[in-house]
Visitor: 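This is the structure I want to talk about, given as structure tokens.
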Protein chains: 2
Amino acid sequence: MAYRLLIVEDSPELLEIMSVFYREEGAGLWTVDTAVNGNDALAKVSDESYDLMILDIMLPGASGFDICKAARSKSDCPIIFVTALSTDNFILKGYETGCDDYVIKPFSIRHLYAKSLALLKRARKSDDGEELRCGNISLNKKTMMVKVKGRPIEIKSKEYFLLLYLLENKDAVLTRKTILEHVWCDDLDVSDRIVDSTIKRLRDCLGEAAGQIRTVIGRGYRISEE
Amino acid sequence: MAYRLLIVEDSPELLEIMSVFYREEGAGLWTVDTAVNGNDALAKVSDESYDLMILDIMLPGASGFDICKAARSKSDCPIIFVTALSTDNFILKGYETGCDDYVIKPFSIRHLYAKSLALLKRARKSDDGEELRCGNISLNKKTMMVKVKGRPIEIKSKEYFLLLYLLENKDAVLTRKTILEHVWCDDLDVSDRIVDSTIKRLRDCLGEAAGQIRTVIGRGYRISEE
DNA sequence: AATGTTATGACACTGGTATGACATGAGATC
DNA sequence: GATCTCATGTCATACCAGTGTCATAACATT
């Protein structure tokens, strides 16, 4: 799954260099979209959604600051300003507008690329990709496949949703009550001993990874690595 | 609640400038801890837990890279390298080691400060808030996880709820009676010596942070920072 | 030194949890 | 529609960790 990148830069040469670099270096990691002026960029920002934006500040039409503001009103996608304006005031204005980083021209493209990866890594932590992992267990929300040590396993519906809920709250102790509310949300007139039974069945499914589901006596259950 | 910042820098003057700036500018936003050499820094990283680290690379003793690696093995706290080494190779090595940003000396401290805030903002998104902290102990009400110096510890149900009650009344002296009413609310026909036993077991769990729970003879117990 | 208070370790027991067998009911198959 | 099959909920039982009690040691206060 490629990350969507938007580069806004009014110098066509630099734009070309950057987009080629991101396309080549990542070997398909990035889908690069570009704009050469502020208004185009604004239109793209409002229409599309991106995983990372690299914005020049001085642009024909709207400025980089305007684009950043527009983007922020919609999402919190990481934003890097790339510009020749190196006075403290400009830089601080950039951060106030809500950017994540500020790179001054001339710059090393490898350096910029490394920054992009670091930023993406941190931003991705907060959003939920479709693959949840914990130790030897991985669950794909899209395909609803669960794997242990990379091998797919058979899993029934209730066990699947219980595992999903546990994984979405990795390391957290979940009480039977909370689990019931989230996994049996519709009919709450079941005994909360059902959680025990389902945990048992889930552990059976997980085989050697069963130990990752810990019982926390008096409080509930939690899933963790190792 | 203040954010814990670690600055590692072998030039005492620069270290002083930076720590003063963070303390003044944030007006209490930061608790600044410092180290002037690699080995001190390594010790601090393994003992304490921080919300942000600013690391010089060239240091007497262990290098900034070493410190970064050590920190990463334990937490994913944001890390900024600050150094005069500006060759591409060094910068890329920094990012490979897992830093979040790389600032080249000489640098603007306001710029660095703005970066710190941006990074903190992003890092905080991914963690699950509402943490009660007191000295080396932290308790997350949502995940029911208790950490000492940033390391999770095993804790049983009664001990957990006792610790929670103490932390919610940090620095206050709590009598056995009050504690019983709040932690054993349902069955009050227990002897109030049970509080002593549970305090003992809680102290055992807390290990080196056990001393934070003080006995106040004739009155009860209280929790405080050192 | 005497007295009251707390720490500590051993022990017993209770209540929460694991587990397997069984009941139920919704779909699938004929 | 009858039958089969499987997923899911319930229950009884056994087990054991967590919790409460107590006796004794250590400590604080007078």
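Note on naming: letters A, B, ... go to the chains in the order of the sequence lines (proteins, then strands), and numbering restarts at 1 for each one.
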Visitor: Does B/Y221 place a side-chain N or O at less than 4.0 Å from the phosphate oxygens OP1/OP2 of C/dA7?
Guide: yes
Visitor: Report yes if at least one side-chain N or O of A/R176 is closer than 4.0 Å to OP1 or OP2 of C/dG16; otherwise report no.
Guide: no
Visitor: Below 6.0 angstrom between ring centroids: does that apply to B/Y95 and B/F81?
Guide: no
Visitor: Per the salt bridge (Lys or Arg N to Asp or Glu O under 4.0 Å) rule, what does the pair list look like for residues 61-74 of chain B, sequence neighbours excluded?
Guide: B/R72-B/D100
Visitor: List in chain and number order the residues that pass side-chain contact (heavy atoms from CB on, under 4.5 Å) with A/T143, two or more places apart in sequence or in another chain; answer none if no residue qualifies.
Guide: A/N140, A/M145
Visitor: Measure the distance from CD1 on A/I213 to P on C/dT19 and round it to the nearest whole Å.
Guide: 12 Å
Visitor: Apply side chain to side chain donor-acceptor pair (under 3.5 Å) to A/K44 and list each qualifying residue two or more places apart in sequence or on a separate chain.
Guide: A/D33
Visitor: Just call it for B/T215: base, sugar-phosphate, or nothing, with non-hydrogen atoms closer than 4.0 Å on any strand.
Guide: sugar-phosphate
Visitor: List the residues meeting side chain to side chain donor-acceptor pair (under 3.5 Å) with A/R219, not counting sequence neighbours, and say none if there are none.
Guide: none
Visitor: Distance only, no hydrogens: is a donor on one side chain within 3.5 Å (strictly under) of an acceptor on the other, for A/Y22 and A/S116?
Guide: yes
Visitor: Over the length of the helix from C/dA1-D/dT30 to C/dC30-D/dG1, how much do the five-pair end axes diverge, rounded to 10 degrees?
Guide: 40°
Visitor: Expressed in angstrom and rounded to an integer, what is the separation of B/K200 atom NZ from D/dC27 atom C1'?
Guide: 16 Å
Visitor: For nucleotides 12-19 of chain D, give me one character per nucleotide, 5' to 3': B if any protein heavy atom sits under 4.0 Å from the base, S if the only such contacts are to the sugar-phosphate, - if neither.
Guide: -----SSB
Visitor: State which residues pass side chain to side chain donor-acceptor pair (under 3.5 Å) with A/R23; sequence neighbours excluded, sorted by chain then number.
Guide: none
Visitor: Measure CG/A/D204 against C1'/D/dA7 and give the value in whole Å, please.
Guide: 14 Å
Visitor: Could you go through residues 160-169 of chain B and list every donor-acceptor pair under 3.5 Å that involves a side-chain atom there, pairing it with any protein atom two or more places apart or in another chain?
Guide:
from: B/Y165; atom 1: OH; to: B/H182; atom 2: ND1; distance (Å): 3.1
from: B/E168; atom 1: OE2; to: B/K141; atom 2: NZ; distance (Å): 3.2
from: B/N169; atom 1: ND2; to: B/Y165; atom 2: O; distance (Å): 2.9

Visitor: Rounding to a whole Å, what distance do you find between B/R193:CZ and D/dA23:C1'?
Guide: 13 Å
Visitor: In this structure, how many angstroms lie between the P atom of D/dT8 and the CD1 atom of A/I179, rounded?
Guide: 16 Å
Visitor: Mind checking side chain to side chain donor-acceptor pair (under 3.5 Å) for B/S197 and listing every partner two or more places apart, or none if nothing turns up?
Guide: none
Visitor: Using whole Å, what does the distance between atom P of nucleotide C/dT6 and atom CD1 of B/I199 come to?
Guide: 11 Å
Visitor: Which part of the nucleic acid does B/Y160 contact within heavy-atom distance under 4.0 Å: base, sugar-phosphate only, or nothing?
Guide: nothing
Visitor: Between atom CZ in A/R214 and atom C1' in C/dT17, what is the gap in whole Å?
Guide: 17 Å
Visitor: B/L202 has an atom CG; how far is it from atom C1' of D/dG20, in whole Å?
Guide: 17 Å
